[in-house]
Structures are given as C-alpha cells and as structure tokens.
> 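Before we start, here is the structure in question, set down as structure tokens.
Below, read A as the first sequence line, B as the second, and so on, with proteins coming before strands; counting in each chain starts at 1.
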Amino acid sequence: MSDLSALHDTILTWYAAQARDLPWRRSPEAWPWPEVDRPWAVLVSEVMLQQTPVVRVEPVWHEWMRRWPTPAALAAAAPGDAVREWGRLGYPRRALRLHAAATAIAQEHGGVIPANLEDLQALPGIGTYTAAAVGAFAFGIRSAVVDVNVRRVEARLVTGAEHPAPSLSAAETRLAEELLPAGDREAATWNVAVMELGALVCKAKTPQCERCPVLDACAWVLAGRPAHDGPRKRVQKWAGTDRQVRGKLLHVLRDASGPVPRSKLDVVWPDAAQRDRCLASLIEDGLVEPLARERFRLPA
DNA sequence: AACTCGTGGAC
DNA sequence: TGTCCAAGAGT
C-alpha cells in the first residue's frame with residue numbers, strides 16, 4: 001500500500017463496487033438521454049452541487065434537464081425562470097450565473113461547452129473547482145479536482161490531520177496533482193473516486209473507518225487519530241442575517257406567478273430597514289426586478 | 001484575505 | 001431559533 005499504484009488500484013476498485021449511480025456520472029456510451037447535452041448536464045450538476053448535498057440536487061437537476069437540455073435552451077429562457085426552477089437549493093445567484101453561462105456559451109462558443117479549463121473558468125459561476133470537474137468528468141481532461149472531500153481525504157490519508165485548513169492551499173492542489181494516475185481516463189475516475197470516498201466513508205464528523213479500503217495506509221489513523229489542532233472553517237450565523245431575510249423575500253417571489261406588491265414582501269420580516277436593504281441587494285444582484293407602482297417579480 | 005452569498009438534514 | 005455540515009464562487 002506504500003506504492004502509489006497500489007493506492008490507485010485499491011481506491012478505484014472500491015469506487016467500482018461502492019459508487020452511487022448518479023445520473024450525471026453516466027458515461028457517453030451509457031448516456032440515456034440523447035436530447036440532453038452531456039457536458040451541459042455535467043456542468044449544471046457541478047454548479048448545483050456547490051455547497052449543496054446530492055439528495056437535494058438530484059430532483060432539481062432532472063427537471064432542469066427536461067426543460068433546458070442544452071445551453072441554448074436555457075439561454076432562451078428568462079433568468080427568472082432559472083431562479084424559480086432553482087427552488088430551494090440555496091445560493092440562488094448560482095441559478096443566475098448558470099443562465100449567464102448558458103448565454104455566454106450560446107453567444108461566444110456557438111452553443112458548445114468549451115473543452116478546456118481556461119475557457120470553462122471564464123464562464124460565470126465556474127471557478128477553479130468547477131472548471132476542473134467539468135474538464136475531467138465531461139471531457140476526460142487530466143486535471144486535479146480538489147473539493148472539500150478530496151481535501152479531507154488528503155488531510156487524513158497523507159498528511160495525518162483530522163481536517164483540512166479553512167481554505168485551499170497551493171500545497172493541497174500540488175499533492176492532488178502528484179496523486180493523479182498517469183492515464184487520462186484513470187485520472188478522471190480517480191478524482192470522482194476520492195470525492196466519493198470522502199462523501200461516503202471519510203466523512204467530516206463521523207468517519208466510517210471500518211468501511212475504509214485504505215485504513216491501513218491512513219496517516220491520521222496510524223498516528224492514533226489525533227484531535228484537530230489548527231483553525232477550522234468558521235460556521236456562519238444564520239438567524240437574523242441578511243441571508244435569511246433575502247431567502248424569505250425570494251421565497252415569496254418564487255411562489256408567485258406574477259408581480260408582487262411590496263405589501264406582500266413587508267410581512268416576511270419585521271425590521272423595515274433590514275428588509276429594504278435586502279430587497280435592494282436582491283435587485284442589485286439581478287435576482288429581483290422592480291416594476292412600477294411598488295411591484296416586484298423575478299427577472300424577465 | 002476575510003467575508004458574503006441559502007437551505008435543510010443530522011446530531 | 002444550537003452546532004455543524006454539504007462537489008465553491010466572487011469580491
């Protein structure tokens with residue numbers, strides 16, 4: 001197990017047996033929806049999965065693929081439709097950015113998702129992680145996909161720490177690149193396999209070490225599972241924050257079929273100053289469109 | 001670089 | 001309305 005290729009074999013074998021059957025993971029050969037553009041399906045799934053659990057993403061993803069099977073289809077819709085169909089996935093600016101990305105793909109890339117990391121990352125809402133993920137999973141590009149799961153597996157298995165640092169370091173990316181198998185196809189599968197190991201076994205709060213295929217190689221376990229000493233990512237407050245108020249305002253607008261008078265928004269939060277500030281920020285973000293006579297709606 | 005941007009489930 | 005967490009991005 002000290003050998004890198006043995007580590008590859010062990011985790012890839014575990015993945016082949018234990019991986020969840022998620023729709024956006026279907027291979028091009030096994031893609032069941034001929035009308036749905038597969039790279040687009042992968043891209044949408046990755047944006048939806050940003051900070052959001054799989055179980056909540058899956059039904060929304062299916063509905064998005066039914067309504068908007070290609071970037072051009074979403075680009076032809078109103079941005080407000082994307083926000084409404086986003087439902088309660090959270091961080092609704094992601095829906096707006098997905099719509100903007102679809103527009104950019106339609107107008108600047110001929111409706112074809114660019115198959116290189118630089119052009120992918122230039123799209124709205126696509127950062128380092130998502131560009132690498134789409135590159136690897138949609139196009140087989142050999143690139144390290146470093147999400148929080150990968151970082152946690154690296155921290156425990158290699159570094160011997162219980163948790164990764166609050167933010168991604170260059171050293172972590174370099175380590176992920178060093179661990180990548182040589183072949184393009186193996187590298188792509190390796191990326192998703194390590195992510196899956198972090199999601200199903202090497203969990204943040206309650207690691208399932210008894211189910212871990214690389215337990216005997218884990219630096220953290222071999223060190224006696226020492227408690228975390230460094231700084232952790234701080235947990236954000238929720239109650240009473242602008243994020244809560246924005247969520248309540250947008251909830252009203254999502255559930256309405258047309259324009260909503262201000263009086264319908266006033267009832268969601270007692271603090272008028274905070275309410276007004278949040279409504280203004282939603283308008284500034286492009287998530288809400290103000291109309292005449294104090295009426296509001298999702299953007300047309 | 002620290003901060004903001006939703007939401008709901010598991011403890 | 002407790003704490004922690006979930007395939008981050010943008011500023």
Side-chain angles (χ1 to χ4, degrees), chain A residues 19-20 22-25 41-61 83 86-98 100-101 120-138 143-153 162-170 172-173 176 188 191-200 202-208 228 231-254 268-270 277-278 281-282 284-288:
Chain A
R20 293 167 290 182
L22 302 177
W24 47 83
R25 285 182 181 166
V42 171
L43 191 157
V44 171
S45 78
E46 290 299 342
V47 174
M48 287 183 171
L49 287 163
Q50 292 168 3
Q51 303 287 283
T52 308
V54 166
V55 288
R56 227 174 302 161
V57 164
E58 204 166 344
V60 180
W61 179 88
V83 174
W86 194 253
R88 301 186 69 81
L89 282 185
Y91 293 149
R93 293 190 294 192
R94 291 183 291 164
L96 225 43
R97 289 175 182 148
L98 222 25
L120 284 168
Q121 200 171 337
L123 296 171
I126 310 295
T128 307
Y129 162 79
T130 306
V134 174
F137 305 146
S143 164
V145 182
V146 187
D147 76 332
V148 71
N149 290 302
V150 172
R151 298 182 60 223
R152 189 172 53 253
V153 171
E162 185 180 12
H163 297 289
S167 57
L168 176 65
S169 69
E172 287 174 283
T173 300
N191 281 315
V192 70
V194 177
M195 286 171 57
E196 191 78 336
L197 185 63
L200 298 183
C202 197
K203 301 181 181 186
K205 284 190 76 171
T206 54
Q208 317 282 300
H228 191 74
R232 294 287 302 279
K233 194 163 80 174
R234 67 174 254 278
V235 176
Q236 300 181 64
K237 293 292 180 231
W238 167 249
T241 62
D242 285 3
R243 276 156 57 241
Q244 183 184 20
V245 179
R246 284 167 54 107
K248 285 177 177 293
L249 292 170
L250 210 52
H251 192 6
V252 172
L253 293 165
R254 268 200 316 264
V268 307
W269 196 251
R277 178 175 76 239
C278 289
S281 76
L282 287 168
E284 175 67 23
D285 287 348
L287 284 163
V288 173

> Starting from P on C/dA9, measure out to CG on A/Asp147 and report it in whole angstrom.
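Rounded to whole Å, this separation is 10 Å.
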
> Applying side-chain contact (heavy atoms from CB on, under 4.5 Å), can you list everything that pairs with A/Gln236, at least two apart in sequence or on another chain?
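A/Gln236 satisfies side-chain contact (heavy atoms from CB on, under 4.5 Å) with A/Tyr91, A/Arg243 once adjacent residues are dropped.
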
> Quickly work out the A/His163 NE2 to C/dC4 C1' distance and round it to whole Å.
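Result: 10 Å.
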
> Could you check whether any side-chain heavy atom of A/Arg25 comes within less than 4.5 Å of a side-chain heavy atom of A/Phe137, counting everything from C-beta outward?
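They are not in contact (no side-chain heavy atoms under 4.5 Å apart), so the answer is no.
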
> Considering only heavy atoms from C-beta outward, does the side chain of A/Leu253 approach that of A/Leu287 to under 4.5 Å?
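Of all side-chain heavy-atom pairs linking A/Leu287 with A/Leu253, none is under 4.5 Å.
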
> Rounded to whole Å, please give me the gap between CG in A/Leu96 and P in C/dG10.
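Distance check: A/Leu96 CG to C/dG10 P gives 13 Å.
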
> In whole angstrom, give the distance that lies between atom CD of A/Glu172 and atom C1' of C/dG8.
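It works out to 14 Å between those atoms.
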
> Could you tell me whether the side chains of A/Glu172 and A/Ser169 share a donor-acceptor contact shorter than 3.5 Å?
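The answer is yes; a qualifying pair exists.
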
> For a quick check of understanding: with a heavy-atom distance under 4.0 Å over all strands, which category does A/Trp86 fall into, base, sugar-phosphate or nothing?
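Since no nucleic acid heavy atom lies under 4.0 Å of A/Trp86, the category is nothing.
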
> If we take the P atom in both B/dC11 and C/dA7, what is their distance in whole Å?
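One P to the other, the span is 15 Å.
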
> Can you tell me the distance, in whole Å, between the CD1 atom of A/Ile126 and the P atom of C/dT11?
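In whole Å, C/dT11 P lies 14 Å from A/Ile126 CD1.
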
> How many whole angstroms separate atom CZ of A/Arg20 from atom C1' of C/dA6?
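Value for this atom pair: 11 Å.
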
> If a protein heavy atom is under 4.0 Å from the base, mark B; if only from the sugar-phosphate, S; if neither, -; do that for nucleotides 1-10 of chain B going 5' to 3'.
----BBBB--

> Please state the P separation for the pair B/dG8 and C/dA9 - nearest whole angstrom.
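It works out to 23 Å between them.
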
> With a non-hydrogen cut-off below 4.0 angstrom, is A/Ala133 in contact with a base, only sugar-phosphate, or nothing?
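Here A/Ala133 touches no strand at all.
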
> Using distance only, find each side-chain donor-acceptor pair of residues 48-60 of chain A under 3.5 Å and give its atom names and separation, not counting sequence neighbours.
| unit_1 | atom_1 | unit_2 | atom_2 | d |
| --- | --- | --- | --- | --- |
| A/Gln50 | NE2 | A/Gly125 | O | 3.3 |
| A/Gln50 | NE2 | A/Thr130 | OG1 | 2.9 |
| A/Thr52 | OG1 | A/Met48 | O | 3.4 |
| A/Thr52 | OG1 | A/Gln50 | O | 3.1 |
| A/Thr52 | OG1 | A/Arg94 | NH1 | 3.2 |
| A/Thr52 | OG1 | A/Arg94 | NH2 | 2.9 |

> Checking all strands, does A/Arg232 fall into the base, sugar-phosphate, or nothing category for heavy-atom contacts under 4.0 angstrom?
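Contact class for A/Arg232: sugar-phosphate only.
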
> Mind calculating the distance between NZ (A/Lys237) and C1' (C/dC4) to the nearest angstrom?
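One finds 11 Å between C1' of C/dC4 and NZ of A/Lys237, rounded.
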
> Would you mind classifying the nucleic acid contact of A/Ser45 as base, sugar-phosphate or nothing, using non-hydrogen atoms under 4.0 angstrom?
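Counting heavy atoms under 4.0 Å across all strands, no contact is made by A/Ser45.
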
> Answer with yes or no whether the side chains of A/Arg232 and A/His163 bring together a donor and an acceptor at under 3.5 Å.
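Yes, side-chain donor-acceptor contact under 3.5 Å.
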
> Within the structure provided, determine whether A/Gln244 and A/Thr241 are in side-chain contact (heavy-atom separation under 4.5 Å).
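Result yes, sub-4.5 Å side-chain heavy-atom pair found.
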
> Under 4.0 Å between any heavy atoms, over every strand shown, what does A/Val148 touch: base, sugar-phosphate, or nothing? Just pick one.
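Sugar-phosphate: the residue A/Val148, judged by heavy atoms under 4.0 Å, touches backbone atoms but no base.
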
> Please give, in whole Å, the distance from C/dG10 C1' to A/Leu98 CG?
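About 16 Å, once rounded to whole Å.
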
